[in-house]
Amino acid sequence: MSLLRRLEVELPGGGETGPVEREAVMLKTIPRKDPHANLKQLIHHRLVEEFVQPAGRANRKGLEVDGEAIRQKVETLVGEVATAEGMLLSRTDRNNLVAEVVAEAVGYGPIQPLLNDASVSEIMVNGPRQVFVERAGKLELVPVTFRDDHHVLHVIEKIVAPLGRRIDESSPMVDARLPDGSRVNAIIPPLALNGPSITIRKFAKDPLTVNNLVEFGTLTEEMAKFLEACVKARLNIVVSGGTGSGKTTTLNILSSFIPSGERIITIEDAAELQLRQQHVIRLETRPANMEGKGEVSIRHLVKNSLRMRPDRIVVGEVRSGEALDMLQAMNTGHDGSLTTGHANSPRDMLSRLETMVLMAGMDLPVRAIREQIASAVDLIVQQSRLRDGSRKITHITEVQGMEGEVIVLQDLFQFHQRGIDDNGKVIGAFRSTGLRPRFMERLEACGISLPAHIFSPYRGG
């Protein structure tokens with residue numbers, strides 16, 4: 001798809017316009033204190049003349065314009081326009097001006113440098129005057145601002161328009177994604193009182209591997225080998241944790257252990273998983289249209305996926321009635337399914353699953369629900385974000401079955417926190433409980449043998 005087509009948006013006046021034209025109109029109509037505002041406006045008008053007008057409105061959708069062509073043209077125009085206007089620009093001002101104009105024309109404005117910064121893992125725009133980022137698990141305020149609310153809205157439109165989604169007063173919230181898979185949430189007035197807000201959860205260009213997590217101290221090599229064996233043996237695994245704890249990253253790494261010969265179907269609200277296998281079908285939900293019709297939920301996609309001959313079903317997150325369909329799939333021959341859920345502990349995850357099953361509208365007795373859960377889920381991987389910003393897999397817990405009215409859980413691996421050092425870093429160690437899981441026979445039946453020392457009580461990490 002052409003770059004201009006990807007970024008096309010609708011002006012309030014009703015005429016179709018490309019990104020360069022749209023930005024030129026905004027630069028002309030929105031007052032601000034930028035000392036180079038007039039220069040930027042002139043450059044944008046020249047860009048419109050160079051790239052948009054020659055193609056004509058009828059042919060614009062087929063027009064291909066790449067970022068490098070825009071950059072080269074902007075560098076030329078800066079010199080020409082500055083000379084014509086009698087302005088002297090230092091090398092630094094010139095470079096900054098080129099970067100800003102290019103970011104507005106083909107990128108996402110002031111936050112484009114943050115998107116390009118590999119050290120930034122999350123970007124939070126709290127209105128036009130305040131932008132925070134997350135680096136190494138810590139939040140920090142950055143000297144990045146927008147002109148005003150309209151400027152933030154313009155960036156949001158650039159993000160959601162190519163996905164066929166919309167954001168306006170009648171639908172003031174939207175979930176979307178960037179072309180690289182980074183997750184985006186936007187909310188605008190009247191719901192957002194501080195102005196339009198954007199939250200971007202960035203994805204690394206090269207997906208993290210299990211070795212990266214071992215290096216980061218998220219888990220130990222023994223835990224990694226155990227989880228790999230569980231995935232290959234087609235155990236049903238739920239990754240639980242709080243917001244920002246790294247559930248999706250862990251799910252992505254668990255998915256990487258799936259053998260390449262299997263057919264995998266992923267189901268997500270906004271496609272984030274980055275699977276490297278060849279046979280992967282990616283499904284994404286769809287919100288309702290302006291008439292409130294046409295919504296396709298995760299539950300609909302889970303039901304449909306069962307007719308698509310899946311070897312594995314990977315659900316990005318269960319948060320509602322789809323939990324019932326997921327459990328039934330796990331119990332009816334679709335072993336090896338993976339999903340995530342929000343919970344503070346493995347026991348809380350079971351309670352959340354019970355609640356989500358009830359949200360499906362089925363009047364089932366609690367015991368029947370618990371029996372479904374105990375039969376379907378084999379393993380719960382609990383992940384937490386600690387006070388120092390680090391992410392740890394704090395529990396790997398086996399679901400052993402029912403005893404009376406209670407689901408029996410058994411921790412196999414734990415992270416024990418001992419305290420915090422003078423620098424605020426969490427002090428702790430990973431430990432094996434020394435217990436062997438009941439499903440060891442399933443691993444051995446699949447030809448998977450684990451060294452005995454993996455389950456020996458130890459301290460690591």
Side-chain angles (χ1 to χ4, degrees), residues 118-124 132-140 175 177-178 180-185 199-228 230-231 237-258 266 268-276 314-319 338-346 348-349 352 379-397 411 413-417 424-426 428-430 460-461:
S119 67
V120 174
S121 58
E122 197 151 0
I123 302 169
M124 290 144 280
F132 281 85
V133 299
E134 181 186 76
R135 284 191 177 96
K138 293 291 187 179
L139 297 182
E140 61 180 79
D175 284 315
R177 53 182 164 79
L178 298 180
D180 65 357
S182 297
R183 187 174 69 195
V184 181
N185 175 271
T199 307
I200 301 176
R201 178 76 55 81
K202 284 180 59 180
F203 267 26
K205 293 182 179 179
D206 296 321
L208 296 177
T209 66
V210 68
N211 292 330
N212 294 134
L213 292 195
V214 172
E215 292 172 3
F216 297 156
T218 302
L219 75 170
T220 63
E221 291 185 10
E222 290 82 2
M223 295 164 67
K225 291 178 181 178
F226 175 72
L227 291 175
E228 180 177 3
C230 292
V231 172
I237 301 175
V238 176
V239 181
S240 65
T243 300
S245 60
K247 298 186 301 298
T248 303
T249 299
T250 298
L251 180 65
N252 205 63
I253 288 172
L254 291 179
S255 301
S256 70
F257 296 141
I258 298 175
T266 68
E268 302 171 84
D269 269 330
E272 297 178 78
L273 295 174
Q274 300 170 296
L275 273 63
R276 295 296 183 91
V314 181
V315 179
E317 181 182 341
V318 289
R319 60 169 65 92
L338 306 171
T339 189
T340 74
H342 278 79
N344 293 325
S345 69
D348 286 347
M349 189 68 245
R352 286 267 295 141
L379 204 66
I380 298 176
V381 178
Q382 178 69 32
Q383 186 146 344
S384 299
R385 179 182 174 186
L386 306 183
R387 291 183 58 182
D388 62 353
S390 62
R391 278 92 170 173
K392 304 284 187 186
I393 291 180
T394 57
H395 296 81
I396 297 180
T397 303
D411 290 335
F413 299 90
Q414 296 176 331
F415 176 78
H416 287 267
Q417 180 176 335
K425 186 174 179 59
V426 169
F430 293 98

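All values below were derived from every heavy atom in this structure, side-chain atoms included, with hydrogens, water molecules and symmetry-related copies excluded.
Between atom CZ of residue Arg385 and atom OG of residue Ser390 there is a gap of 9.5 Å, rounded to the nearest 0.5 Å. In this structure, CD on Glu228 lies 8.0 Å from OG on Ser256, to the nearest 0.5 angstrom. To the nearest 0.5 Å, atom OG of residue Ser255 and atom CG of residue Leu275 are 4.5 Å apart.
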Practice prompt. Given side-chain hydrogen bond (donor to acceptor under 3.5 Å, both in side chains), test Asn252 with Thr249 step by step and report yes or no.
Written response: CA-CA 5 Å; Asn252 205 63; Thr249 299; over 6 Å; no
Practice prompt. Output, in order, the C-alpha distance, side-chain angles, deciding distance and verdict of side chain to side chain contact (heavy atoms under 4.5 Å, CB included) for Phe413 and Leu227.
Written response: CA-CA 11 Å; Phe413 299 90; Leu227 291 175; over 6 Å; no
Worksheet item: Stepwise, does the side chain to side chain contact (heavy atoms under 4.5 Å, CB included) test hold for Thr243 with Arg201?
Response: CA-CA 11 Å; Thr243 300; Arg201 178 76 55 81; 4.2 Å; yes
Worksheet item: Going through the distances and angles, do Leu139 and Met124 end up as a side chain to side chain contact (heavy atoms under 4.5 Å, CB included)?
Response: CA-CA 9 Å; Leu139 297 182; Met124 290 144 280; 3.4 Å; yes
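For the pair Thr340 (side chain) and Thr248 (backbone), a donor-acceptor distance under 3.5 Å is absent. Side chain of Arg391 to main chain of Gly244: a donor-acceptor pair is present (N/O by atom type, distance under 3.5 Å, no hydrogens or angles).
With sequence neighbours excluded, no residue forms a salt bridge (Lys or Arg N to Asp or Glu O under 4.0 Å) with Arg352. Under the side-chain hydrogen bond (donor to acceptor under 3.5 Å, both in side chains) criterion, Asn185 pairs with Asp175, not counting sequence neighbours. Applying the side-chain contact (heavy atoms from CB on, under 4.5 Å) criterion to Ser384, with sequence neighbours excluded, gives Gln382, Leu386, Thr394. Annotation: salt bridge (Lys or Arg N to Asp or Glu O under 4.0 Å) contacts of Glu268 (sequence neighbours excluded): none. For Lys425, the side-chain contact (heavy atoms from CB on, under 4.5 Å) partners are Asp388, Asp421, not counting sequence neighbours. The side-chain hydrogen bond (donor to acceptor under 3.5 Å, both in side chains) check on Thr250 picks up Gln383, with sequence neighbours excluded. Annotation: side-chain hydrogen bond (donor to acceptor under 3.5 Å, both in side chains) contacts of Gln414 (sequence neighbours excluded): Asp411, His416. Legend: residues meeting side-chain contact (heavy atoms from CB on, under 4.5 Å) with Asp348, ordered by chain and number and at least two apart, are Ala343, Asn344, Ser345. In this structure, the side-chain contact (heavy atoms from CB on, under 4.5 Å) partners of Val210, at least two apart in sequence or on a different chain, are Ala224, Ile253, Phe257. By the salt bridge (Lys or Arg N to Asp or Glu O under 4.0 Å) test, Glu140 pairs with Arg135, sequence neighbours left out. Applying the salt bridge (Lys or Arg N to Asp or Glu O under 4.0 Å) test to Arg319 and every residue at least two apart in sequence or in another chain returns Asp269, Glu317. Under the side-chain hydrogen bond (donor to acceptor under 3.5 Å, both in side chains) criterion, Ser121 pairs with Glu134, sequence neighbours left out.
Side-chain contact between Ile380 and His395 is absent, with no heavy atoms from C-beta onward closer than 4.5 Å. Two residues are said to be in side-chain contact when any heavy atoms from C-beta on lie closer than 4.5 Å; Val214 and Leu219 meet this criterion. Taking 4.5 Å as the limit, some side-chain heavy atom of Ile396 sits within range of a side-chain heavy atom of Leu379.
Heavy atoms only, all atoms of each residue included: Phe430 and Thr218 are closest at CZ-O, 3.2 Å. Across every non-hydrogen atom of Val231 and Leu254, the tightest pair is CG1-O, 3.5 Å. Minimum heavy-atom separation, Leu251 to Val315: CD2-O, 3.9 Å. The two residues Ile237 and Cys230 have their closest heavy-atom pair at CD1-CB, 4.2 Å.
Other residues, nucleotides and ligands place no more than 12 heavy atoms under 6.0 Å from the CD atom of Glu221.
Looking at Thr209 and Asn211, their side chains never bring a donor and an acceptor atom within 3.5 Å of each other.
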